[in-house]
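Encoded as structure tokens, the structure appears first; notes follow it.
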2 protein chains.
Amino acid sequence: MDHFLSSVRNSCRLLKIFLDAPKELGVTELSKRLQLSKGAVHKLLATLEAEGFIRQNEKTRQYTLGYTLLELGNKVLKNHDIVDFAAPYINRLVSRTQELVVLCVQDVTDAIYVTKVDSPHPIRFTVETHRRFPLYSTSASRVLLAYKPESFQDEVLAEGIRTYTPYSFTSADEIKLALREIRERGYEFSSDRRNVGVTGMAAPLFDSTGEVAASVSVIGPSDRVLPQKDAILRELLETVREMSAELGYRP
Amino acid sequence: MDHFLSSVRNSCRLLKIFLDAPKELGVTELSKRLQLSKGAVHKLLATLEAEGFIRQNEKTRQYTLGYTLLELGNKVLKNHDIVDFAAPYINRLVSRTQELVVLCVQDVTDAIYVTKVDSPHPIRFTVETHRRFPLYSTSASRVLLAYKPESFQDEVLAEGIRTYTPYSFTSADEIKLALREIRERGYEFSSDRRNVGVTGMAAPLFDSTGEVAASVSVIGPSDRVLPQKDAILRELLETVREMSAELGYRP
DNA sequence: CAAATTGTTCACGAATAGAAAACATCGTTT
DNA sequence: AAACGATGTTTTCTATTCGTGAACAATTTG
């Protein structure tokens, strides 16, 4: 059927424009980006403002995202019981490895880091949480993709492959080979794919149904991580084994 | 004019229902709460899901808030330069007072704690951040209200006054007297109004235009805070004075 | 296994969303 | 200071589409 509500879709897209834009935008700019008339955009903004999803700066007359989105975003995290569940394990893993640990979940064809705990080292690699990125792009997210049906993998990879470094995967075949290796080994280990000089190891969390619920990843500067590869990997795999057992997974 | 886009308004209200509801809701339940037909709600949900604002649980067939809201909520905070600006001052204030410190901003007729740093004490009072509450209800938010025009204060108080404890303000007159005292003293000091056994002190942050940009509040168990009232107050007032100066405020 | 309740689809008439243009309100330029 | 150009705002109007109500399908429940 695919008959969506056009004005609702427009309002969603309007809000998402702000994700990759300056914090304030005007009616004219938004109408260009949405390919809608100024009048239509104005009505969208007025409605969204009345509901707290958009705020207008009284001085500049331009528009920003409203606080209701902050409330809703917070609720998304609170709904996510795996976040609270994982917190103690992640803290322990950070103190044992002394490197960044992240918890990664899937959303449709993307992935999101929902939790991170930074390395205590003064020199450290860190990531942005709560922001979408492609499933094929990081060690943590590739683990999620690896256990999905091949048809879904193809679908994701057909959307196009973005490269980040000279060492990023460039073809679907290359990535699918990597995914097969992940399933065989039970974890991912890779360097320089997303950031040069950075190495990550990631392993899946299984729930009671045998599905991959999330992934845990230890990431850090290669010169610090590579010499300790075996020790870190042992800690990571032991942690996800414990967590999966706690989630009711019976291998 | 007041001609809003009805389906956009419906979609906003649909999302906000989730703020005070179980994490998953069905079409029927939502249609009751929105007073819309099931078909209309279904179309809303389908559109919101296609944009990532809603997610459907494949097993239960029920709906939850989607990850795009997490991204947008995160962006709201990133847009807010006062959050980063305030962070070091707030940390310093916590280490000097050993109590919870919060940063509070106004949103229309509500207030929101945008930042908090908890007390290091094992026994401590804490608050929920990123969640709306009435401007008259806490010391931090009353400070924001105190410096607004009287017409706006009346408007807010006319919406009704909710009480939280036997010591909460119960009438508009009572609150307006308290607001006058805040302006005279330059800070708020109160106990048991929002939580019994809890005392808070709050002071305003002025920006270069002389407007109140936010408020900073030190809050803790009365039996620990009251004996140190003068010392804490001195630290608080010194901190907000420094911060306001840094923001370009010239008294 | 029937009954009830859920999410989903469909068809249609009333309501309105969106385009286009005129208007108002700034800041800038001449 | 006046004219300009840009912005956000309002208005008018019709093709579009939104929302209803009922039928459908797919569960769960008694």
Side-chain angles (χ1 to χ4, degrees), chain A residues 1-18 21-66 79 107-108 208-209 211, chain B residues 1-18 21-66 79 107-108 208-209 211:
Chain A
M1 48 121 243
D2 277 2
H3 267 161
F4 296 122
L5 305 186
S6 59
S7 61
V8 173
R9 188 177 49 209
N10 288 337
S11 67
C12 291
R13 293 186 177 167
L14 187 156
L15 293 172
K16 286 196 277 188
I17 286 174
F18 284 92
K23 67 177 185 177
E24 291 192 348
L25 291 170
V27 174
T28 311
E29 173 68 18
L30 287 166
S31 79
K32 269 181 210 152
R33 299 215 199 190
L34 284 169
Q35 313 229 62
L36 282 172
S37 69
K38 284 204 295 174
V41 170
H42 187 263
K43 257 194 261 190
L44 279 171
L45 288 165
T47 309
L48 290 168
E49 184 177 18
E51 299 297 329
F53 284 60
I54 279 286
R55 218 154 34 94
Q56 184 174 34
N57 183 324
E58 284 304 328
K59 288 155 200 156
T60 66
R61 306 251 78 192
Q62 294 206 309
Y63 295 88
T64 335
L65 297 175
N79 282 350
D107 182 32
V108 198
S208 59
T209 71
E211 292 279 303
Chain B
M1 46 123 244
D2 278 1
H3 267 160
F4 297 123
L5 305 186
S6 58
S7 61
V8 173
R9 188 177 49 210
N10 288 337
S11 67
C12 290
R13 293 185 177 169
L14 187 155
L15 293 172
K16 286 196 278 188
I17 286 174
F18 284 93
K23 67 177 184 178
E24 291 192 349
L25 291 170
V27 174
T28 311
E29 173 67 19
L30 288 166
S31 79
K32 269 181 210 152
R33 298 216 198 189
L34 284 169
Q35 313 228 61
L36 281 171
S37 68
K38 285 203 295 176
V41 170
H42 187 262
K43 257 194 260 188
L44 280 171
L45 288 165
T47 309
L48 290 168
E49 183 178 19
E51 299 297 330
F53 284 61
I54 280 284
R55 216 154 36 94
Q56 184 174 33
N57 184 325
E58 284 304 329
K59 288 156 203 155
T60 65
R61 308 248 80 191
Q62 294 207 307
Y63 294 88
T64 336
L65 297 175
N79 283 349
D107 182 33
V108 197
S208 59
T209 70
E211 293 278 302

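Keep in mind the model is a prediction, meaning the values are calculated, not measured. Lettering of chains follows the sequences in order, A, B, ..., and the numbering in each one begins at 1.
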| field | Nearest-Å distance for atom pair CG/P, residues A:L36 and C:dG18 | value | 7 Å

| request: Could you please name the option among D:dC18, C:dG18, D:dG21 that lies closest to any side-chain atom of B:S37? | output: D:dG21

| remark: Paired with B:S11, the side chain to side chain contact (heavy atoms under 4.5 Å, CB included) test is passed by just one of B:L48, B:T47, B:I54, B:V41, namely B:L48

| message | On the nucleotide C:dT16, are OP1 or OP2 found under 4.0 Å from the side-chain N or O atoms that A:S7 carries? | response | no

| For the pair made of NZ in B:K38 and C1' in D:dC18, what is the distance, rounded to whole Å? | 19 Å

| request: Mind calculating the distance between OH (A:Y63) and C1' (D:dT7) to the nearest angstrom? | output: 11 Å

| field | Nearest-0.5 Å distance, CG of residue A:L65 to NZ of residue A:K16 | value | 13.0 Å

| If you find the nucleotide of DNA chain D closest to A:G26 and the one closest to A:S6, which residue's nucleotide is nearer the 5' end? | A:G26

| field | Option passing side chain to side chain contact (heavy atoms under 4.5 Å, CB included) with A:Y63 (candidates A:N57, A:L25, A:V27) | value | A:V27

| said: Between C1' on D:dT7 and CG on A:L25, what's the gap in Å once rounded to a whole number? | reply: 14 Å

| For A:R61 and A:Q35, take the nucleotide of DNA chain C holding the closest heavy atom to each; which residue's nucleotide lies nearer the 5' end? | A:Q35

| remark: Rounded to whole Å, the CZ-P distance (B:F4 to D:dT9) equals 12 Å

| task | Starting at atom CD of B:Q56, determine the distance to atom C1' of D:dA26, rounded to an integer number of angstrom. | result | 13 Å

| field | Nearest-Å distance for atom pair NE2/P, residues A:H42 and C:dA20 | value | 18 Å

| message | With nearest nucleotide decided by heavy atoms, which residue, B:G39 or A:V8, maps closer to the 5′ end of DNA chain C? | response | B:G39

| field | Length of the CD-C1' vector between A:E58 and D:dT7, whole Å | value | 15 Å

